[in-house]
Amino acid sequence: MEIHGQLRSSAGTRRDPPRLRARRHSAHPNATRRDLLKAGVAIAGAAGLATILDPREVFSQVRVFPPPPPAVSPILGLYDTHVHSAPDVFGRSLDDEEMAALYKSRGIEGLVLKNHVTTTADRAWFVRKHLEGLKVFGGIVLNSAVGGINPDAVNWMWLMQGGYGRVVWFPTFDADNHVKHFKDTPEGIKVLAADGKVLPAVRDVLKIAAEQKLVVHTGHLSPTEALAVVEAGRDMGVDRLVVSHAQFEVVNMSFEQMKKAASMGAKLELCAMGTIMGPAAHLAWMRFWRQVKVEETAAAIKEVGPQNFVLATDLGQTGNPSPPDGLQLFVTDLVKAGITKDQVVTMGREVTGKLLMG
């Protein structure tokens, strides 16, 4: 058993750890070849006899361990605007309360529960009841399960007890852009008329959002559709507009399109899951989406300005990293790519806090 850098033998006497013995070996040539060979086998371990190290090389090896827990959580005080949890029709690694508890243990300020087929405003109320001090919000995704672009569904969502239904997403996997991009069906839910203007039902939703100060996400709309919705929302008084995962395959805005959205008051969502998607992804369904490299995201932040972005994960799927781990890795990698900690706070706390709490 290792005690304060020294070892005890079965007889209770102290023995120097291997590295100290290695140093002394060079000064004391009395160590036997048998002793050296034993040390070589011990270090080779499970690698097998075929890979036994030359005993002379054994003592140049350095033991490597994972780092200790950080003194301060890298995601302390941040928000995650895009979290998936159970219950759901899709596989989720954690339920609402488990997810929130894990996030709270990391010091996060708040999160938004998202579900593609049902509202989450009631679930946010329930989680808050069990985990005081954590700001949990819900919303509604305007897919076919809730009637598509359905103003009534939006009204009932924000009226839910607690007032934590704060977010409206335009269609995601039922969006016309999404189904045509992935060739799922001939057409999906549309937001624009043939003349390129938003449909009346879209305007009705935007009117509610303006009146109730709801956060409007563009979902899986194309850049052209998203920009049209942002423009219409701005003209109708919506001051909380977000382009959902702006760099993901199904949206994939250019820097110029991002700048145009920002010029109309919209924020752009950056998601951790983009970094693990692509042809080499560990989950088959994620291989249909392009990988968004951290360097690409850092370049967008530098080009468009951190004040125009929010940070999120879009994680929670079975087989993927947990959202807290994903957000921590995302933030750490962004800092390595040249984004400052102050910029992380701007995107991950200040901008998001104003959207949800302002």
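Heads up: numbering here begins at 1 and tracks the sequence.
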Participant: For the pair Arg92 (side chain) and Gly316 (backbone), establish whether a donor and an acceptor sit closer than 3.5 Å, ignoring hydrogens and angles.
Facilitator: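 Flag not set: sc Arg92 to bb Gly316 has no pair under 3.5 Å.
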Participant: For Ala226 versus Met253, what's the shortest heavy-atom pair and its separation?
Facilitator: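 Of all heavy-atom pairs spanning Ala226 and Met253, the closest is CB-CE, 4.1 Å.
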Participant: Hey, could you give me the CZ/NZ distance between Phe126 and Lys129, rounded to the nearest 0.5 Å?
Facilitator: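 Atom-to-atom, Phe126:CZ and Lys129:NZ are 6.5 Å apart.
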Participant: Flag yes if more than 12 heavy atoms outside Arg203 fall under 6.0 Å of its CZ atom; otherwise flag no.
Facilitator: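 Counting other residues, nucleotides and ligands, CZ of Arg203 stays at 12 neighbours or fewer.
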Participant: My understanding is that only one of Gln343, Met347, Glu269 makes a side-chain contact (heavy atoms from CB on, under 4.5 Å) with Phe309; could you say which?
Facilitator: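 Of the listed residues Gln343, Met347, Glu269, the side-chain contact (heavy atoms from CB on, under 4.5 Å) partner of Phe309 is Met347.
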Participant: May I ask you to decide if the ring planes of Phe248 and His245 are parallel, tilted or perpendicular, using 30° and 60° as cut-offs?
Facilitator: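 Because their plane-to-plane angle is under 30°, the rings of Phe248 and His245 count as parallel.
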Participant: Please check: side-chain N/O of Asp314 versus main-chain N/O of Cys271, any donor-acceptor pairing under 3.5 Å?
Facilitator: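 Checked: no pair found.
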Participant: Give the other cluster members for Val179, using side-chain heavy-atom distances under 4.5 Å between Ile, Leu, Val, Met, Phe, Trp and Tyr residues; answer none if it is isolated.
Facilitator: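 Hydrophobic cluster check, Val179: no partners found.
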Participant: So if I apply the salt bridge (charged side-chain N to carboxylate O under 4.0 Å, His left out) rule between Arg123 and each of Asp88, Asp96, Asp95, which one comes out positive?
Facilitator: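 Testing each of Asp88, Asp96, Asp95 against Arg123, the sole residue satisfying salt bridge (charged side-chain N to carboxylate O under 4.0 Å, His left out) is Asp96.
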Participant: Is Gln291 reaching over with its side chain to a backbone N or O of Thr275, donor-acceptor style, under 3.5 angstrom?
Facilitator: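 Side chain of Gln291 to backbone of Thr275: a pair is present.
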Participant: Just how far is it from atom CZ of Phe255 to atom CG of Leu268, taken to the nearest 0.5 Å?
Facilitator: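 With rounding to 0.5 Å, CZ (Phe255) is 11.0 Å from CG (Leu268).
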Participant: What I'd like to find out is whether the side chain of Leu94 reaches to under 4.5 Å of the side chain of Ser85, using heavy atoms alone.
Facilitator: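 Answer no - side chains too far apart.
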Participant: Set out, in order, the CA-CA distance, both residues' side-chain angles and the distance that settles side-chain contact (heavy atoms from CB on, under 4.5 Å) for Asn308 and Met258, then state yes or no.
Facilitator: CA-CA 9 Å; Asn308 296 309; Met258 290 183 189; over 6 Å; no
Participant: Quick check: do Leu334 and Val294 have side-chain heavy atoms less than 4.5 Å from each other?
Facilitator: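 They are in contact (side-chain heavy atoms under 4.5 Å apart), so the answer is yes.
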Participant: Can you tell me if Lys207 has over 12 outside heavy atoms packed within less than 6.0 Å of its NZ?
Facilitator: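 Counting other residues, nucleotides and ligands, NZ of Lys207 stays at 12 neighbours or fewer.
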Participant: Above 12 or not: heavy atoms from other molecules or residues under 6.0 Å from CZ of Phe173?
Facilitator: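 Above 12, so yes.
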Participant: Tell me every residue that passes side-chain hydrogen bond (donor to acceptor under 3.5 Å, both in side chains) with Thr313, counting only those two or more places apart in sequence or in another chain.
Facilitator: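 side-chain hydrogen bond (donor to acceptor under 3.5 Å, both in side chains) list for Thr313, sorted by chain: Asp80.
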Participant: Could you give the distance from CG (Leu227) to CD (Gln257), rounded to the nearest 0.5 Å?
Facilitator: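 CD of Gln257 is found 6.0 Å from CG of Leu227.
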Participant: May I have the list of side-chain donor-acceptor pairs in residues 187-199 shorter than 3.5 Å, sequence neighbours left out?
Facilitator:
unit_1: Glu187; atom_1: OE1; unit_2: Lys190; atom_2: NZ; d: 3.1
unit_1: Asp195; atom_1: OD1; unit_2: Lys197; atom_2: N; d: 3.0

Participant: Measure the shortest side-chain to side-chain distance between Leu356 and Lys135 over non-hydrogen atoms and say whether it is less than 4.5 angstrom.
Facilitator: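 Sidechains of Lys135 and Leu356: no contact.
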Participant: Do side-chain atoms of Arg240 reach the backbone of Leu355 as a donor and acceptor pair under 3.5 angstrom?
Facilitator: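 Flag set: sc Arg240 to bb Leu355 pair under 3.5 Å.
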Participant: Applying side-chain contact (heavy atoms from CB on, under 4.5 Å), run through Asn177 and Leu221 and close with a yes or a no.
Facilitator: CA-CA 6 Å; Asn177 174 61; Leu221 305 184; 5.6 Å; no
Participant: Treat each ILVMFWY residue as a node, draw an edge where side-chain heavy atoms are under 4.5 Å apart, and state whether Leu311 and Leu113 are in one component.
Facilitator: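 Cluster IDs for Leu311 and Leu113 match.
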Participant: Is the backbone N or O of His116 less than 3.5 Å from a side-chain atom of Asn143, with the two atoms forming a donor-acceptor pair by type?
Facilitator: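 Flag set: sc Asn143 to bb His116 pair under 3.5 Å.
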Participant: Can you tell me how far apart CD (Glu249) and CE (Met277) are? Round to the nearest 0.5 Å.
Facilitator: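 With rounding to 0.5 Å, CD (Glu249) is 8.0 Å from CE (Met277).
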Participant: Within this structure, what is the NZ-OG1 distance for the pair Lys180 and Thr185, rounded to the nearest 0.5 Å?
Facilitator: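 Interatomic distance, Lys180 NZ to Thr185 OG1, rounded to 0.5 Å: 9.0 Å.
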Participant: Treating Ile, Leu, Val, Met, Phe, Trp and Tyr as nodes and any side-chain heavy-atom pair under 4.5 angstrom as an edge, say whether Leu78 and Tyr103 lie in one connected cluster.
Facilitator: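 Result: yes, single cluster for both.
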Participant: With hydrophobic residues grouped by side-chain heavy-atom distances under 4.5 Å, do Ile108 and Tyr164 end up in a single group?
Facilitator: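 Hydrophobic grouping puts Ile108 apart from Tyr164.
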Participant: Might you work through the side-chain contact (heavy atoms from CB on, under 4.5 Å) test for Val230 and Lys260, ending with a clear yes or no?
Facilitator: CA-CA 10 Å; Val230 166; Lys260 185 172 182 180; over 6 Å; no
Participant: Between side-chain atoms of residues 323-332 and protein atoms elsewhere (two or more places apart, or another chain), which donor-acceptor pairs fall under 3.5 Å?
Facilitator:
unit_1: Asp325; atom_1: OD1; unit_2: Arg106; atom_2: NH1; d: 3.3
unit_1: Asp325; atom_1: OD1; unit_2: Arg106; atom_2: NH2; d: 2.6
unit_1: Asp325; atom_1: OD2; unit_2: Ser322; atom_2: OG; d: 3.4
unit_1: Gln328; atom_1: OE1; unit_2: Arg106; atom_2: NH1; d: 3.3
unit_1: Thr332; atom_1: OG1; unit_2: Gln328; atom_2: O; d: 2.7

Participant: Can you spot which of Trp285, Phe288, Trp289 makes a ring pair (Phe, Tyr, Trp, His ring centres under 6.0 Å) with Phe182?
Facilitator: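 Between Phe182 and the candidates, ring pair (Phe, Tyr, Trp, His ring centres under 6.0 Å) is satisfied uniquely by Trp289.
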Participant: Identify the heavy atoms of Glu97 and Leu131 that sit nearest to each other, and give their distance.
Facilitator: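 Where Glu97 meets Leu131 most closely, the heavy atoms are O-CD1, 3.8 Å.
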Participant: Looking at every non-hydrogen atom in both residues, tell me the closest pair between Leu283 and Thr318 and how far apart they are.
Facilitator: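 Residues Leu283 and Thr318, closest heavy atoms: CD1-O, 3.7 Å.
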Participant: When you look at His220 and Trp169, which way does the side-chain contact (heavy atoms from CB on, under 4.5 Å) test go after all the steps?
Facilitator: CA-CA 9 Å; His220 292 193; Trp169 289 269; over 6 Å; no
Participant: Do you know which two heavy atoms are closest between Ile208 and Pro151, and how far apart they sit?
Facilitator: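 Looking at all heavy atoms of both residues, the shortest contact is CD1-O, 3.5 Å.
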Participant: Give me the atom names and distance for the closest heavy-atom approach of Ala262 to Val304.
Facilitator: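 Heavy-atom minimum between the residues: CB-CG1, 4.4 Å.
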Participant: Is it the case that one hydrophobic cluster holds both Val242 and Val112, taking links as side-chain heavy atoms less than 4.5 Å apart, direct or via other members?
Facilitator: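 Yes, same cluster.
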Participant: So, taking the atom named NE2 in His84 and the one named NZ in Lys114, what distance separates them when rounded to the nearest 0.5 Å?
Facilitator: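 The distance works out to 5.0 Å.
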Participant: Does the side chain of Asn115 reach to within under 4.5 Å of the side chain of Pro87, using non-hydrogen atoms?
Facilitator: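 In short, these two side chains do not touch, never coming nearer than 4.5 Å.
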Participant: Of the non-hydrogen atoms in Gln247 and Thr297, which two are nearest, and what is the gap between them?
Facilitator: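 Nearest heavy atoms, Gln247 then Thr297: OE1-OG1, 2.7 Å.
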Participant: Using distance only, find each side-chain donor-acceptor pair of residues 212-219 under 3.5 Å and give its atom names and separation, not counting sequence neighbours.
Facilitator:
unit_1: Lys213; atom_1: NZ; unit_2: Asp239; atom_2: OD2; d: 3.4
unit_1: His217; atom_1: ND1; unit_2: Ser244; atom_2: OG; d: 3.3
unit_1: Thr218; atom_1: OG1; unit_2: Ser244; atom_2: N; d: 3.1

Participant: Should Glu256 and Lys259 count as side-chain neighbours, where that means a heavy-atom distance under 4.5 Å?
Facilitator: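 Yes, side chains in contact.
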Participant: Considering only heavy atoms from C-beta outward, does the side chain of Met357 approach that of Thr352 to under 4.5 Å?
Facilitator: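 A side-chain contact under 4.5 Å is absent here.
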Participant: Is Leu241 reachable from Phe137 through a run of I, L, V, M, F, W or Y residues, each pair having side-chain heavy atoms under 4.5 Å apart?
Facilitator: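 No.
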Participant: Could you tell me whether a side-chain N or O of Glu109 sits under 3.5 Å from a main-chain N or O of Tyr79, the two making a donor and an acceptor?
Facilitator: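 Side chain of Glu109 to backbone of Tyr79, a donor-acceptor pair under 3.5 Å: no, none is there.
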Participant: Listed by chain and number, what are the ring-ring contact (aromatic ring centres under 6.0 Å, His included) partners of Trp158, not counting sequence neighbours?
Facilitator: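 In terms of ring-ring contact (aromatic ring centres under 6.0 Å, His included), with neighbours along the sequence ignored, Trp158 is linked to no residue.
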